[in-house]
Chemist: 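Let me give you the structure first, and then I'll get to my questions.
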Amino acid sequence: MTIELGNVDSKTKVTSGKYLPSAALLFLASVLGLYFELVLVRYLSTEIRVFAYLKNLPLIASFFGLGLGMITTHGRGKRRYFAPVCAALFLAIVLAPYIGLTHLPVPGSEYEMLGSLPQVPHGLWGVLLLPLMVFFFFGVVSGILNLIFVFFAVLGRFIGEQLELFPPLRGYGINLAGSLAGIAIITAFSFLGLPPTVWVVFGFLLALPFFYRDKWVLTVFGVIVVTMAFTQPWTLGPSGGSASEPAPDAMTVWSPYYRIDLAKLAPPEGWSKPRGFFIAVNHDYYQKMLDLSSEFMTRYPNQEPNRSALPSYDFPYQLVARPERVLVVGAGTGNDVAAALRHGASNVDAVEIDPYLVALGRKYHPEQPYASDKVTVVVNDARAFFKTAKHRYDLIVFGYLDSHTLLSSLSTLRLDDYVYTRESFREARNLLQPQGTLVLGFDSGRASFITDRLFVTLAAAFDTPPRAFYTGFDSAGVVFVEGVGANASPSTSYPEVRGEIEGRRAAAIIATDSWPFLYLRKHTIPIAIPGVLILFLYFSIAQLRKQMTFRELAKPDRLHFFFLGAGFMLLETKGVTELSLLFGSTWVVNSVVVAAFLLMGFLANSYIAFRPVSVRVAYASLFALLVGGMFLRYTLLGSLPLGERMLAGALLVGIPVFFSGLIFSQSFRSVPDAAQSLGVNLLGAVVGGILENLVMIGGTPILGILALLLYSLSAVFAGSVRHGKSVDSVRQREGVPAV
């Protein structure tokens, strides 16, 4: 059998003896599509920081490319651009720190991105440079998105070419199975802490069956791998060894969430251990791991940064002397835990979402707080812990939790947004002893909308305004105090700023589980998002129009698949958001949710293959579930035991996906152009991804409303789906055995 990967048409020959290799190629192409989608979303957000906060834009670009690639299956095979596009895309990411792309100047002030962002100079130079910086931002970001678009258009073409060789449902089933495998691979790599060089090399190896005759593509693969080998750190993780081993001067590990860089602070003269470490995540300063022990501070009282940090970590214990039981949320590498132990805490629960930060603390923290038998370490999301905690606490300390990244590529929420909502603070309040105290620190400054939002959100949760102190720790630290400790009189030089914040309180917006955007100034979409989308869509739609006119796309049968794709994208985003509230915003939850959605689609597709269903019944069931979901608060399930909570969450989120899958597969089962129909469905997902940004205006409830609207539009065109002869019947007519 010979398959021209650049062109599949009526002349393609398929013999029964070579049919299974075609299934393997479709499976492999599907693995590549989702695998590289996840790799690029994560790698981009690490090396070009703005994409950590615009994660759904690369997702939109990849969907658009995959969709266009499938649509052009019957067109002329053009792959000559793949080699330069692949080189430009991956080398831009790999070399971003060296060519000034890691920290791009971001226009607008609607969204707070804590980190090392370029500053606009004052005076005439600022006036002259500002337009250039804005132009540079939009040019770089939209350019990278267009590279992603072309890269995935080629992968989408591979999928479409192989999909056309199968009956629609069988081909779609293989496609879903490949996508599930892609998620499983990248999840395993995240669990093992493997670096991006491994991700990329593995992806290129998977792509070899499609490019093994293309010397230019193979050359590009080699250049990218060699460049990564010389520029990317290869440390696999902090596991192994003992705390007594000498700490390296610098090391890099890859957790499931971040690239973590550890840099040792040299010990002072006469001291054998490091005085601490600087920790950066994804090229931004994150925290310090410091020796604040009484032994060290007595001997070196003026040693920095230890001297400046000590009062901030000791401050909670000026409010609550010798607490019996302490909860530290956002424990990181252990500074807050060490402070609790220094001040006589008998039991400390340390909650940290990133297992690698905990592992670094276990191995390298100078005070070794995680080695104490008084400390219980819980690697989990804070909200998930609040729902399952079995103790009440004399003191709850919220560490500096800024996540520097989003919850998921499917969501505009940041990883820690749900920790700072009214509902979260109420859950924490319920964990306090009657005489308990909550202390929350944040690096937001004394006059910022984030500081004001934390203030009013705590006031709403505790029914009284918190006390607020400006510590200036890490340049802009602010500490809020609720509970009995708010009545204490700490001996501190920190100025109290509650009066200042009270004066701005009327303009502050409370963060809730429905609108949890701590870092967004107001109910709006940051200008960077529509600006980049306009530039990207101008290019990508122009490419689409070369292959399919708007009149063709607007045919009723195509609109049916288009709106199904848009609705499904919002349904998936809604599921990720809701289950993160129920089980936490961990990488495991996100991976399992996305995999479960694909599995539901696979099960629905398998069911339709054996037993067709009534589309009307499926739509009626889906609409009933969507409407019911608008009124159900998933947090109410938090009181259930874990097993029952998992079952209830899976059913409430998974069943609508199953019925959506039934509708798609029933419509898809005998379409005459499977690749084009699936491609149009992915173009609909692009629109769903764009509409998802409206959640920043209307809050998370808008996801269900938009999904219901889009599925309603798909229902309007459901009766117009064209049905053609199946691939098996065509093969039988041409003398090729059906499978």
Side-chain angles (χ1 to χ4, degrees), residues 1-37 62-83 85-86 149-179 181-182 203-204 206-214 217 543-544 546-548 552 558 561 668 670-683 724-728 730-731 734 736 738-739:
M1 175 191 71
T2 301
I3 296 179
E4 275 298 325
L5 291 176
N7 187 20
V8 175
D9 54 27
S10 59
K11 297 180 181 180
T12 300
K13 301 298 183 182
V14 180
T15 65
S16 59
K18 294 293 184 178
Y19 191 73
L20 283 180
S22 297
L25 283 175
L26 175 56
F27 179 85
L28 189 59
S30 303
V31 172
L32 278 173
L34 195 58
Y35 177 81
F36 268 119
E37 181 184 303
S62 61
F63 279 163
F64 207 137
L66 289 170
L68 180 67
M70 293 181 193
I71 287 171
T72 60
T73 295
H74 295 295
R76 291 174 295 175
K78 301 287 186 180
R79 291 191 309 177
R80 64 179 182 271
Y81 299 116
F82 185 78
V85 164
C86 183
F149 166 75
V150 177
F151 179 86
F152 280 96
V154 175
L155 299 186
R157 192 178 184 90
F158 293 155
I159 296 172
E161 289 167 354
Q162 304 306 315
L163 189 64
E164 288 290 280
L165 303 178
F166 293 86
L169 291 187
R170 190 168 301 158
Y172 182 51
I174 296 172
N175 172 252
L176 289 172
S179 298
F204 288 166
L206 289 179
L208 286 181
F210 301 97
F211 293 108
Y212 68 94
R213 293 181 178 176
D214 192 323
V217 172
Q543 301 305 308
L544 175 63
K546 293 178 182 179
Q547 307 295 335
M548 176 181 285
E552 290 178 290
R558 294 214 167 114
F561 288 108
F668 191 68
S670 56
V671 291
D673 48 1
Q676 284 204 357
S677 296
L678 188 55
V680 169
N681 182 256
L682 285 173
L683 294 184
K725 296 180 179 180
S726 70
V727 174
D728 281 349
V730 172
R731 286 198 175 95
E734 295 179 356
V736 179
V739 178

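Model, not experiment: these values are computed from the prediction.
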Chemist: Phe27: which residues meet the ring pair (Phe, Tyr, Trp, His ring centres under 6.0 Å) condition with it, sequence neighbours left out?
Modeler: none
Chemist: Checking Ser677 now: which residues fulfil side-chain hydrogen bond (donor to acceptor under 3.5 Å, both in side chains) with it, not counting sequence neighbours?
Modeler: Asp673
Chemist: What pair of heavy atoms forms the shortest contact from Arg558 to Glu552, and how long is it?
Modeler: NH1-O, 3.5 Å
Chemist: Just jot down the side chain to side chain contact (heavy atoms under 4.5 Å, CB included) partners of Val150, sequence neighbours excluded, or say none.
Modeler: Val85, Phe539
Chemist: Restricting to non-hydrogen atoms, name the atom on Leu68 and the atom on Leu683 that form the minimum distance, rounded to 0.1 Å.
Modeler: N-CD2, 4.3 Å
Chemist: Side chains of Val671 and Phe561: does their closest heavy-atom pair fall under 4.5 Å?
Modeler: yes
Chemist: To the nearest 0.5 Å, tell me how far Arg157 CZ sits from Leu163 CG.
Modeler: 13.5 Å
Chemist: At their closest point, which heavy atom of Leu25 faces which heavy atom of Pro209, and how far apart are they?
Modeler: CD2-CB, 4.3 Å
Chemist: Which pair of non-hydrogen atoms, one from Leu34 and one from Ser179, has the smallest distance, and what is that distance?
Modeler: CD2-O, 3.0 Å
Chemist: Calculate, to the nearest 0.5 Å, the distance between atoms CG and CD1 belonging to Asn681 and Ile71 respectively.
Modeler: 10.5 Å
Chemist: Should Ile174 and Gln162 count as side-chain neighbours, where that means a heavy-atom distance under 4.5 Å?
Modeler: no
Chemist: Quickly, which of Phe151, Phe152, Phe158 forms a ring-ring contact (aromatic ring centres under 6.0 Å, His included) with Phe36? Name it, please.
Modeler: Phe151
Chemist: Flag the pair Phe210 / Val154 as yes when at least one side-chain heavy-atom distance between them is below 4.5 Å, and no otherwise.
Modeler: no
Chemist: So which atom in Ser62 and which in Glu37 form the shortest heavy-atom distance, rounded to 0.1 Å?
Modeler: OG-CG, 3.5 Å
Chemist: Compare all side-chain heavy atoms of Cys86 with those of Phe204 and state whether any distance is below 4.5 angstrom.
Modeler: yes
Chemist: Give me the atom names and distance for the closest heavy-atom approach of Asn175 to Ile159.
Modeler: ND2-CG2, 3.7 Å
Chemist: For the atom pair CD (Gln543) and OG1 (Thr72), what is the distance rounded to the nearest 0.5 Å?
Modeler: 10.5 Å
